[in-house]
Amino acid sequence: MTDKSQHPVFDLPKQTNYEDSFRMAVETLNTQDGPTQAERSGATFIHEGHGAYELRYFNRPVRVALPEATPVYIDSGEAIGLWEAIVILHYLTQTGPVQPAERVIAFQEIPDGKFYEGPFKNRTKWGLLRAFGENPKRLLDIKDTLGAEVMNQGDAGLKVLALPKVPIYLVVWGGDEEFPAEANVLFQNDVMSYLSIEDAVVTASLAVIHAGKAASASA
């Protein structure tokens, strides 16, 4: 297994780093044109007060009201944890060129993906195997919870919309006497239009976390 200490991006940042990242993302979002950013990200911009974004995050409705911009689940009023909130705000603040969505790709095909391949597997593949390796069909049991589409890949595969334009593909193959169980997490080729490489890794790991929690809840 890859030594995560060799890849500082996977060491949990200190709380102050989280807070600094969140603060900078809030500042950026407050300087941007709301309707333009909403259209780009597949969100809805609400023209009331200072404005607000509404979007779906792992099949739950989220509201990001300006100027504070703390993402909140609409259905419960619960504020989203800082780590996930930063990913949502980074997603809403992206402004670069949008690549056409044409195919599903492996993480290694993303620019700089090979550099992060070891820690990426530590945060995604092994979690999928722990949750679904012994019984891949359990992955299909949570499709409604995650609002996911079944994929014709592996012994079980799901297309999970982490964010409106960021699908994450979870694939599991069951093991047998000859071969061990296998798993993979895939992306759409335009993922870098909406997330940095670091945020793509975090979002993929969050997809595995949400899938694992959904499976545990339905057991």
Side-chain angles (χ1 to χ4, degrees), residues 1-2 4 7 10 12 42 55-62 71 73-76 78 80-81 83-85 87-88 91 101 103-110 113 116-191 194-195 197-219:
M1 184 175 291
T2 301
K4 285 190 264 186
H7 303 273
F10 287 99
L12 288 179
L55 68 160
R56 296 194 75 81
Y57 172 70
F58 287 108
N59 201 37
R60 291 184 66 183
V62 169
Y73 287 117
I74 295 174
D75 52 8
S76 68
E78 172 193 3
I80 295 175
W83 190 35
E84 296 181 83
V87 170
I88 294 171
Y91 172 75
R103 60 193 178 94
V104 177
I105 62 172
F107 180 73
Q108 300 93 313
E109 297 178 73
I110 297 174
Y116 293 104
E117 183 178 0
F120 172 78
K121 287 183 178 179
N122 286 339
R123 295 290 295 271
T124 58
K125 174 181 176 177
W126 309 122
L128 270 185
L129 288 175
R130 283 193 295 271
F132 304 103
E134 293 185 2
N135 184 4
K137 298 303 181 184
R138 288 187 69 210
L139 186 64
L140 305 183
D141 293 338
I142 64 172
K143 67 180 181 65
D144 291 337
T145 301
L146 297 180
E149 298 178 22
V150 175
M151 295 173 59
N152 187 26
Q153 288 201 32
D155 290 325
L158 288 183
K159 175 185 177 181
V160 180
L161 271 184
L163 292 154
K165 296 193 177 183
V166 181
I168 303 292
Y169 301 84
L170 308 178
V171 186
V172 182
W173 293 263
D176 55 29
E177 295 180 356
E178 196 171 349
F179 298 102
E182 187 59 81
N184 204 355
V185 178
L186 307 171
F187 297 85
Q188 203 159 263
N189 69 289
D190 64 341
V191 62
Y194 303 102
L195 298 174
I197 186 69
E198 292 87 357
D199 286 334
V201 174
V202 171
T203 303
S205 67
L206 287 168
V208 173
I209 291 169
H210 281 272
K213 287 182 176 179
S216 296
S218 64

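Computed from a predicted model, the values in this text were never measured in an experiment.
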About how many Å separate [atom2] of [Y] and [atom1] of [X], when rounded to the nearest 0.5 Å?
X      : Y      : atom1 : atom2 : result
Trp126 : Ser205 : CH2   : OG    : 16.0 Å
Glu182 : Leu128 : CD    : CG    : 10.5 Å
Tyr194 : Leu163 : OH    : CG    : 11.0 Å
Leu139 : Phe132 : CG    : CZ    : 5.0 Å
Glu78  : Tyr73  : CD    : OH    : 6.5 Å
Leu55  : Tyr91  : CG    : OH    : 7.0 Å

Taking distance alone, no hydrogens or angles, what donor-acceptor pairs closer than 3.5 Å link side-chain atoms of residues 141-153 to residues at least two apart or in another chain?
none

task = For Arg138 and Ala215, indicate whether the former's side chain and the latter's backbone hold a donor-acceptor pair under 3.5 Å.
result =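 A pair under 3.5 Å: yes.
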Which residues pass the side chain to side chain donor-acceptor pair (under 3.5 Å) test with [X], sequence neighbours left out?
X      : answer
Tyr57  : Glu84
Glu134 : none
Asp155 : none

ask   = Is there any ring pair (Phe, Tyr, Trp, His ring centres under 6.0 Å) pair reaching into residues 135-176, and which pairs are they, with sequence neighbours excluded?
value =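 Listed by first then second residue: nothing to list.
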For a quick test of reading the model, state the closest non-hydrogen atom pair linking [X] to [Y] and the distance between them.
X      : Y      : value
Ala156 : Pro136 : CB-O, 3.1 Å
Leu170 : Ala211 : CD1-CB, 3.9 Å
Val191 : Ala200 : CG2-CB, 4.3 Å
Gly157 : Leu140 : O-CD2, 3.9 Å
Ile168 : Ala162 : CG1-CB, 4.1 Å
Arg56  : Pro164 : O-CD, 3.4 Å

message = What I want to find out is whether Glu109 reaches Arg103 closely enough, with some N-O distance under 4.0 Å, to be called a salt bridge.
response =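 Counted as a salt bridge, because a side-chain N and a carboxylate O are separated by less than 4.0 Å.
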From CA spacing to verdict: side chain to side chain contact (heavy atoms under 4.5 Å, CB included), Val185, Val208 = CA-CA 9 Å; Val185 178; Val208 173; 4.1 Å; yes
Are [X] and [Y] side-chain neighbours, meaning at least one heavy-atom pair lies under 4.5 Å?
X      : Y      : value
Pro61  : Asp75  : yes
Tyr116 : Glu198 : yes
Ile105 : Leu186 : no

ask   = Among all residues two or more places apart in sequence or in another chain, which pass the side-chain contact (heavy atoms from CB on, under 4.5 Å) test with Ser216?
value =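 Expected list: none.
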key: Residues Thr203, Leu195; criterion side chain to side chain contact (heavy atoms under 4.5 Å, CB included); working and verdict   = CA-CA 9 Å; Thr203 303; Leu195 298 174; 3.5 Å; yes
request  = Apply side chain to side chain contact (heavy atoms under 4.5 Å, CB included) to Phe107 and Thr124, showing your working.
outcome  = CA-CA 11 Å; Phe107 180 73; Thr124 58; over 6 Å; no
Test side chain to side chain contact (heavy atoms under 4.5 Å, CB included) applied to Leu161 and Val166, step by step = CA-CA 6 Å; Leu161 271 184; Val166 181; over 6 Å; no
